[in-house]
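Everything below concerns the one structure shown next.
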Amino acid sequence: MMALEQLLNRLKMEDHLQSSLDSLCEHASKQDLNYREFLEQALLQEWGGRHQKGLESRLKQARLPWIKTLEQFDFSFQHSIDHKIVRDLAGLGFVERGENVVLLGPPGVGKTHLAVALAVKAAEAGHRVLFMTLDRLVSTLMRARQENRLDRQLQQLTYPKVLVLDEMGYLPMTREEASLFFRLINRRYERASTILTSNKSFKDWGEIFGDQVIATAILDRLLHHSTTLNIKGESYWLKDKRRAGLVTTPATKEDEPSHAPDPVPMSSD
Ligand code: ADP
Ligand code: MG
């Protein structure tokens with residue numbers, strides 16, 4: 001018979017189960033576990049270790065700017081967000097269906113926080129995730145085109161099941177950049193989810209892309225299967241400062257029209 005150590009090695013259980021085998025056995029005899037309970041504990045140890053390792057590597061690959069979770073998001077502060085919609089998104093059905101999420105609103109209202117939190121959820125569920133600012137995406141695509149490897153680059157960017165594109169609209173795009181962006185959205189269309197954040201409302205997208213026709217095409221692809229969250233209200237960060245008396249500008253009013261995009265159906269087919 002093969003020695004237990006050797007067997008665990010062959011089964012590739014040396015990192016997790018084997019390394020904790022002594023303490024598992026000790027625990028089992030102390031707790032007087034039966035065979036079935038012991039086996040369950042042992043396999044759970046192995047599975048937990050593997051899951052944790054996989055998650056860590058997916059989070060590393062994701063290149064998130066920082067890690068924030070949905071649990072850390074204060075919904076009582078952000079009244080414009082429908083808690084139920086976010087809970088729905090957290091169930092990750094949108095990822096399974098390859099649908100998109102668009103988070104709109106002024107700076108500081110938690111767009112990136114929510115996008116990162118959903119990305120973390122997806123990574124926990126075993127999906128491949130990638131975070132990029134829109135600015136970086138555009139320069140990546142432009143460089144790939146110059147170096148004659150655009151197709152390969154676009155292909156690579158279709159692999160992540162969830163692609164977060166942060167901060168669309170801070171910088172306008174040239175026509176060429178916008179058309180590269182369209183090609184990416186088109187490639188990912190109905191295959192993989194894109195979470196996009198922007199401080200601009202949909203009606204200002206023509207300006208961002210420098211071309212109404214491209215803007216319409218992008219919106220069409222992006223919103224066909226999508227959920228849009230319109231976040232209004234004031235910056236979370238400013239709120240704290242204001243409370244502490246460090247900032248004295250008046251709070252933005254809820255009904256201020258500046259960042260309220262045209263109503264778009266939450267989900268459409
Ligand atoms: P945006 O991307 O909309 O500009 P961020 O997501 O970067 O805003 O949020 C700014 C900071 O405030 C982040 O540290 C974020 O975690 C925090 N924050 C924003 N809204 C909330 C909230 N409702 N609850 C908890 N933290 C929040
Ligand atoms: Mg942000």
Side-chain angles (χ1 to χ4, degrees), residues 59 62-90 94 100-124 129-140 160 162-173 181 185 193-205 207-209 222-223 226-262 264 266:
L59 285 177
R63 302 204 210 147
L64 301 171
W66 21 258
I67 296 211
K68 285 278 167 93
T69 62
L70 284 179
E71 290 71 29
Q72 290 170 302
F73 196 81
D74 178 2
F75 285 93
S76 67
F77 175 75
Q78 217 47 265
H79 295 290
S80 61
I81 299 177
D82 187 342
H83 202 146
K84 196 184 146 291
I85 293 177
V86 177
R87 219 174 16 226
D88 233 51
L89 292 172
F94 79 100
N100 301 323
V101 177
V102 183
L103 300 163
L104 302 177
V109 294
K111 300 183 298 296
T112 304
H113 184 139
L114 286 174
V116 165
L118 289 172
V120 170
K121 273 264 183 292
E124 281 170 353
V129 171
L130 181 64
F131 180 104
M132 279 180 138
T133 61
L134 207 82
D135 198 28
R136 236 198 83 224
L137 171 76
V138 166
S139 55
T140 300
V162 174
L163 177 65
V164 179
L165 296 177
D166 199 27
E167 301 192 342
M168 194 191 75
Y170 282 99
L171 297 170
M173 288 185 206
F181 178 62
I185 294 300
S193 300
T194 304
I195 302 177
L196 196 115
T197 81
S198 179
N199 63 333
K200 292 271 177 13
S201 62
F202 290 136
K203 65 176 174 357
D204 295 330
W205 283 29
E207 237 170 74
I208 302 171
F209 297 118
L222 208 56
L223 300 184
S226 70
T227 302
T228 298
L229 278 176
N230 253 312
I231 314 176
K232 291 167 201 167
E234 68 171 322
S235 157
Y236 192 76
W237 181 77
L238 272 184
K239 171 95 165 180
D240 280 351
K241 302 269 178 228
R242 189 171 296 114
R243 232 185 246 139
L246 296 172
V247 179
T248 49
T249 50
T252 24
K253 283 181 208 74
E254 275 271 303
D255 55 356
E256 204 175 353
S258 58
H259 290 285
D262 303 325
V264 167
M266 278 309 186

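In listed order, ligands and their atoms are each counted from 1.
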request  = Give every protein N, O or S atom lying under 2.8 Å from the Mg ion (ligand 2), naming each by residue and atom.
outcome  = T112 OG1
key: Ring geometry between Y236 and F77 (parallel below 30°, tilted from 30 to 60°, perpendicular above 60°)   = perpendicular
request  = Would you please say whether a donor-acceptor pair under 3.5 Å links the side chains of S201 and K203?
outcome  = yes
ask   = Hey, does Y170 have a side-chain heavy atom less than 4.5 Å from the side chain of T133?
value = no
Table of N or O contacts for ligand 1, cutoff 3.5 Å:
from	atom 1	to	atom 2	distance (Å)
ligand 1	2 (O)	T112	N	2.9
ligand 1	2 (O)	T112	OG1	2.7
ligand 1	3 (O)	V109	N	3.2
ligand 1	3 (O)	G110	N	3.1
ligand 1	3 (O)	K111	N	2.9
ligand 1	3 (O)	K111	NZ	2.8
ligand 1	4 (O)	G108	N	2.7
ligand 1	6 (O)	T112	N	3.2
ligand 1	6 (O)	H113	N	2.8
ligand 1	8 (O)	G110	N	3.2
ligand 1	14 (O)	K68	NZ	3.0
ligand 1	16 (O)	K68	NZ	2.7
ligand 1	16 (O)	H113	ND1	2.6
ligand 1	23 (N)	D74	O	3.0
ligand 1	24 (N)	D74	N	2.8

query = Are E167 and R136 close enough, and set up right, to give a salt bridge (Lys or Arg N to Asp or Glu O under 4.0 Å), and what steps lead you there?
reply = CA-CA 10 Å; E167 301 192 342; R136 236 198 83 224; over 6 Å; no
inquiry  = Which label fits F209 and F181: parallel for a plane angle under 30°, tilted from 30 to 60°, or perpendicular past 60°?
reply    = parallel
ask   = Distance-only, no hydrogens or angles: does the H113 side chain make a donor-acceptor pair with backbone N or O of L70 under 3.5 Å?
value = no
ask   = For the side chain of K200 and the backbone of G169, is there at least one donor-acceptor N/O pair under 3.5 Å apart?
value = yes
request  = Check for a donor-acceptor pair, side chain of S198 on one end and backbone N or O of L104 on the other, with a separation under 3.5 Å.
outcome  = no
message = Within the 4.5 Å heavy-atom criterion, are L59 and I67 side-chain neighbours or not?
response = yes
